[in-house]
Amino acid sequence: MESYGTLLKKARESKYLTVEQVERDTTINAHYIIGLEEEDSTAFPGEPYMVGFLRNYAEYLGVNTQEVLNLYHAKQIQESPVPEGLLFKQRPPYVVPLIVAGSVLGALLIAVLVYFFAFHLPKVKSEHEQIIEQNSKSHQYELDEKGLTKRIYKGDQIILPAEDGNIILTVANTLGSLGIETPSGMQMVELSEERDIDVDADGKSELIVYLSDISSKDESRGAEVRMMTHQRGTKTSITNPGKIAAMNSNDDSIPSIYSISKTTKTTFILEDNRAYPFTVNIIFRGSCVFRYRPDRKDKIEDYFVSGDVVNFTANNYARLWMSNVNAMKVQIIANAKTYDLEVGKAGQVQAEDVKWVKDSDGKYRLVVTELD
């Protein structure tokens, strides 16, 4: 009997379709398509996802969906272990003493091995420990007239040029909010806040810091910042696109408000005279496959569970795809304010765009639109 994976692969090849073409047509990740054809259940976060993708892939290829599902369930039954009750046999009277003796010897062997590996072998560091160790190595960054956009970590130093010599600023905190140690004392910057800092207590602001990303749970993730020195005699804003072109939202890429269909469900979040970067904060309160794409960057997809957090910054546009919207709390942070987005029902699949649009009066509006 032909397996369901072979059936799908032959159907795809008979239509001269590549895995990449299927991914574009169905939005099923190529990793999952290969997993279906190779019958690799470990490629999926759970059986419901595998069955759902299996059904969608079969329908796309024009293969009998019920036949594919029957083949899949038949394989699951074949690979399932025989119930323990069917294997039960009467134990001879000497089996229990042997089991006890074997357990004692096994425990002694495990104790010896634990002792050996704990005290006689070099400790292998976990991936998380290696990341922390790598981030713990302090780096120095010199700030010039072009500014600095960087993910910085606790212990890193920023060299700020000054008339009387360089000023050294040290990153002191990257948990929840950004802490920078300056000659005038500790300076704290909150998420999505743009702050002027007087580093040497002379009554003048020498530095502008904009914090676009920081974790509230993991200090080792560091903080994504944008820094600029004050221009002489002018007031500069990192989030003002008219003054710093390297850090702005591209006005040419912002669509007109009339590009949104009247039948599209649209939520207005914010109105301003300019468009500037905004932050999307996702807090997961259940299991969910989530995909997002900020601006024109590559899309990012993963499986998240309760307690996970995703935080990213976009200039003009962000697309969100959610397999279970009720499992997520979605927040948009812009202009130092937080807006909670409405969520649907449990199990509902939903795709949304968060983007700036330009109205006929020249003003910009940050909106959320639902996609079909």
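FYI, side chains are in, hydrogens and waters are out, and symmetry mates aren't considered; it's all heavy atoms of this structure.
- With sequence neighbours excluded, the residues that form a ring-ring contact (aromatic ring centres under 6.0 Å, His included) with Phe312 are Tyr292.
- Sorted by first then second residue, the ring-ring contact (aromatic ring centres under 6.0 Å, His included) pairs that include residues 163-192, not counting sequence neighbours, number zero.
- In this structure Ile34 satisfies the side chain to side chain contact (heavy atoms under 4.5 Å, CB included) test together with Val19, Glu38, sequence neighbours excluded.
- Evaluation of the side-chain hydrogen bond (donor to acceptor under 3.5 Å, both in side chains) rule for Asn166 yields no partner, not counting sequence neighbours.
- Ser287 pairs by the side-chain hydrogen bond (donor to acceptor under 3.5 Å, both in side chains) definition with Tyr303, not counting sequence neighbours.
- With sequence neighbours excluded, no residue forms a salt bridge (charged side-chain N to carboxylate O under 4.0 Å, His left out) with Arg195.
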Should Thr263 and Ser261 be marked as a side chain to side chain donor-acceptor pair (under 3.5 Å) after you check the CA-CA gap, both sets of side-chain angles, and the distance that decides it? CA-CA 5 Å; Thr263 60; Ser261 172; 2.9 Å; yes

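- Residues satisfying the side chain to side chain contact (heavy atoms under 4.5 Å, CB included) test with Asp308, not counting sequence neighbours, are Phe284, Phe304, Val305.
- In this structure, the side chain of Thr264 does not engage the main chain of Thr266 through any donor-acceptor pair within 3.5 Å.
- Annotation: side chain to side chain donor-acceptor pair (under 3.5 Å) contacts involving residues 170-179, sequence neighbours excluded, are absent.
- For the residue pair Arg319 and Tyr317, a side-chain donor N or O sits within less than 3.5 Å of a side-chain acceptor on the partner.
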When you look at Ser256 and Ser259, which way does the side chain to side chain donor-acceptor pair (under 3.5 Å) test go after all the steps? CA-CA 5 Å; Ser256 167; Ser259 64; 5.6 Å; no

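- Taking the side chain to side chain contact (heavy atoms under 4.5 Å, CB included) definition, one finds that Ala11 meets it with Leu61, Val63, sequence neighbours left out.
- The side-chain hydrogen bond (donor to acceptor under 3.5 Å, both in side chains) check on Ser184 picks up Thr182, Gln187, with sequence neighbours excluded.
- With sequence neighbours left out, Asn29 forms a side chain to side chain contact (heavy atoms under 4.5 Å, CB included) with Glu23, His31, Tyr32, Glu301.
- Under the salt bridge (charged side-chain N to carboxylate O under 4.0 Å, His left out) criterion, Asp25 pairs with no residue at all, not counting sequence neighbours.
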